[in-house]
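Below is one structure; the comments refer to it alone.
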Amino acid sequence: MPELPEVETTVRGLNRALNSLSARFIDVWADWKKTIKKPRNFKSFKAGIKKKKIEKIWRRGKNIIFELSDNYSLLIHQKLTGHLLYGYWVRRGNNWQPSGNDILADRVNNYIHLLFFLDNGKMIALSDLRKFANVELWKTEELLASSGFNNLGPEILEKSFTFEKFKEALSKKKGKIKEVLMNQSVIVGVGNIYSDEALWRAQVNPFKKIPDLTNRELEKIYDSLRDVLQKSIELHGESFSDYRDTNGEKGGFDKIRMVYRRKGEKCQCCGTIIKRKKIGSRSCHFCPACQKI
DNA sequence: ACAATATCCTGCGAGC
DNA sequence: TGCTCGCAGGATATTG
């Protein structure tokens with residue numbers, strides 16, 4: 001599931017592929033139009049996207065933003081199983097299949113529900129098994145002024161995001177630390193995987209509430225979070241589930257994944273069996289010994 | 001004003 | 001073998 005490192009990997013991949021090309025959208029195809037939330041009408045969306053040039057691709061939290069000509073922006077959120085692929089596909093019956101070696105053969109790359117055709121002959125495809133991804137076309141000015149965009153918390157990996165700012169951001173909430181880390185209005189980019197991994201590294205119990213955390217614990221969480229996200233970006237993200245990079249390839253975070261989906265395995269630090277418990281509607285993985293308090 | 005719950009989806013694995 | 005059932009989850013909407 002794409003979190004900050006995965007979205008960053010996708011954005012870097014798209015920039016590598018498109019930077020020197022100044023590509024332009026020439027058409028859009030979709031067989032699941034509900035993915036497109038704005039404008040709701042697919043024909044309007046198509047008309048809006050046609051002939052627009054891609055001027056810049058960046059991310060804000062887990063959102064991918066394509067800045068387009070005429071002051072428009074395309075916003076894509078991959079949600080749980082969505083991932084953007086860059087290459088060339090051919091139609092086979094009701095499905096699209098990648099041509100040549102453009103996209104790595106992989107089951108999860110075969111759920112193409114949205115295709116953008118570019119004037120360089122290539123395509124940007126959204127493969128999304130569970131169909132939760134969102135795509136929106138905005139006037140750039142309106143997107144940047146929207147409540148959804150302005151309610152997003154700070155970027156954790158920004159140099160200017162100091163420990164003091166982290167503490168200040170968290171102090172707005174009183175709930176369980178894991179839930180607060182995943183709240184996109186507090187800080188952006190963290191989801192179920194990296195909240196579990198960072199708290200294990202920091203040796204802090206995910207159920208512990210914000211007011212009960214010591215300054216030392218907050219420091220450890222801040223350092224662990226930044227470190228684990230940075231390391232995951234270097235490894236091109238986590239591909240345990242459906243996430244793949246723009247070439248359809250897996251990331252390597254598995255090498256340093258310590259607790260997420262490791263229930264029943266031994267803790268790499270102390271050998272205690274990793275537990276899984278629910279926090280809200282999400283599964284939380286932790287070491288009951290290392291993260292006791 | 002806040003927190004808990006339902007909603008969207010579909011492949012997969014467990015159980016019979 | 002083949003069926004059903006429950007589970008996974010980010011963000012938003014709705015209910016308590």
Side-chain angles (χ1 to χ4, degrees), chain A residues 1-10 30-38 40 59-65 75-84 94-95 105-114 126-136 138 143 146-153 155-156 170-199 206-207 209-211 225 229 232 237-244 253-254 257 259-264 274-286:
Chain A
M1 103 202 80
E3 301 179 28
L4 189 149
E6 291 76 29
V7 178
E8 180 65 27
T9 302
T10 294
D31 71 348
W32 186 259
K33 297 174 176 66
K34 279 166 80 174
T35 297
I36 295 148
K37 305 286 182 196
K38 183 181 163 68
R40 286 275 181 179
R59 68 156 188 86
R60 178 79 175 91
K62 303 175 195 170
N63 299 280
I64 300 171
I65 299 110
L75 181 77
I76 299 181
H77 196 305
Q78 304 178 112
K79 291 279 179 87
L80 304 177
T81 57
H83 52 283
L84 293 177
N94 288 328
N95 299 315
D106 188 325
R107 179 188 63 81
V108 303
N109 295 330
N110 294 336
Y111 300 94
I112 307 290
H113 296 299
L114 182 64
L126 174 69
S127 182
D128 186 17
L129 189 154
R130 293 204 178 99
K131 298 176 174 172
F132 280 3
N134 285 183
V135 174
E136 302 170 7
W138 289 78
L143 172 67
S146 67
S147 62
F149 218 71
N150 284 294
N151 287 340
L152 292 171
E155 290 284 340
I156 316 160
L170 263 60
S171 67
K172 293 188 294 185
K173 300 283 174 184
K174 291 173 180 170
K176 302 179 189 84
I177 179 63
K178 178 180 165 69
E179 285 187 319
V180 175
L181 291 178
M182 292 194 295
N183 185 332
Q184 303 301 299
S185 71
V186 178
I187 48 169
V188 291
V190 180
N192 215 20
I193 300 172
Y194 297 103
S195 54
D196 277 1
E197 294 295 327
L199 290 170
F207 291 84
K209 298 199 169 172
I210 297 289
L225 203 49
L229 292 171
S232 184
E238 164 62 40
S239 291
F240 190 101
S241 182
D242 295 51
Y243 176 75
R244 300 292 184 270
F253 184 75
D254 248 22
R257 177 170 56 92
V259 279
Y260 183 73
R261 291 216 205 178
R262 288 206 186 280
K263 184 184 108 175
I274 303 293
K275 276 198 173 176
R276 191 179 79 179
K277 278 187 181 178
K278 286 272 181 185
I279 289 190
S281 60
R282 293 181 194 88
S283 54
C284 172
H285 313 74
F286 64 104

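Sequence lines set the chain letters: A, B, ... in the order given, protein chains first and strands last, and positions in each chain run from 1.
- Across all strands, A:Thr81 comes closer than 4.0 Å to no nucleic acid atom at all (heavy-atom distances).
- Residue contacts shown for A:Tyr243 are absent, as no nucleic acid heavy atom lies under 4.0 Å away.
- Between A:Leu80 and A:Gly148, the residue whose closest nucleotide on DNA chain C is further toward the 5' end is A:Leu80.
- Within 4.0 Å of A:Arg276, counting heavy atoms only, lie sugar-phosphate atoms of the nucleic acid but no base atom.
- Heavy atoms of A:Leu129 sit under 4.0 angstrom from primed sugar atoms or phosphate atoms, though from no base atom.
- Nucleic acid contact for A:Lys278: sugar-phosphate only, since backbone atoms but no base atoms lie under 4.0 Å from a heavy atom of the residue.
- With C:dA11, B:dC12, C:dA8 as the candidates, the nucleotide lying closest to the side chain of A:His77 is C:dA11.
- The nucleotide whose nearest atom lies closest to any side-chain atom of A:Lys34 is, among C:dG10, B:dC8, C:dA8, B:dC8.
- Side-chain atoms of A:Lys38 and A:Asn134 form no donor-acceptor pair, as typed in the model, at a separation below 3.5 Å.
- Taking 4.5 Å as the limit, every side-chain heavy atom of A:Ile65 sits out of range of all side-chain heavy atoms of A:Trp138.
- For A:Lys131, taking side-chain heavy atoms from C-beta onward, the closest of the listed nucleotides B:dT10, B:dC12, C:dG9 is B:dT10.
- Under 4.0 angstrom from either OP1 or OP2 of C:dA8 there lies no side-chain N or O belonging to A:Ser241.
- Looking at the side chain of A:Ser283, the nearest of the listed nucleotides B:dC9, C:dA8, B:dG11 is C:dA8.
- Side-chain contact of A:His285 with A:Asp196: a donor-acceptor pair under 3.5 Å is present, judged by distance alone.
- Side chains of A:Asp128 and A:Thr81: a donor on one and an acceptor on the other come within 3.5 Å.
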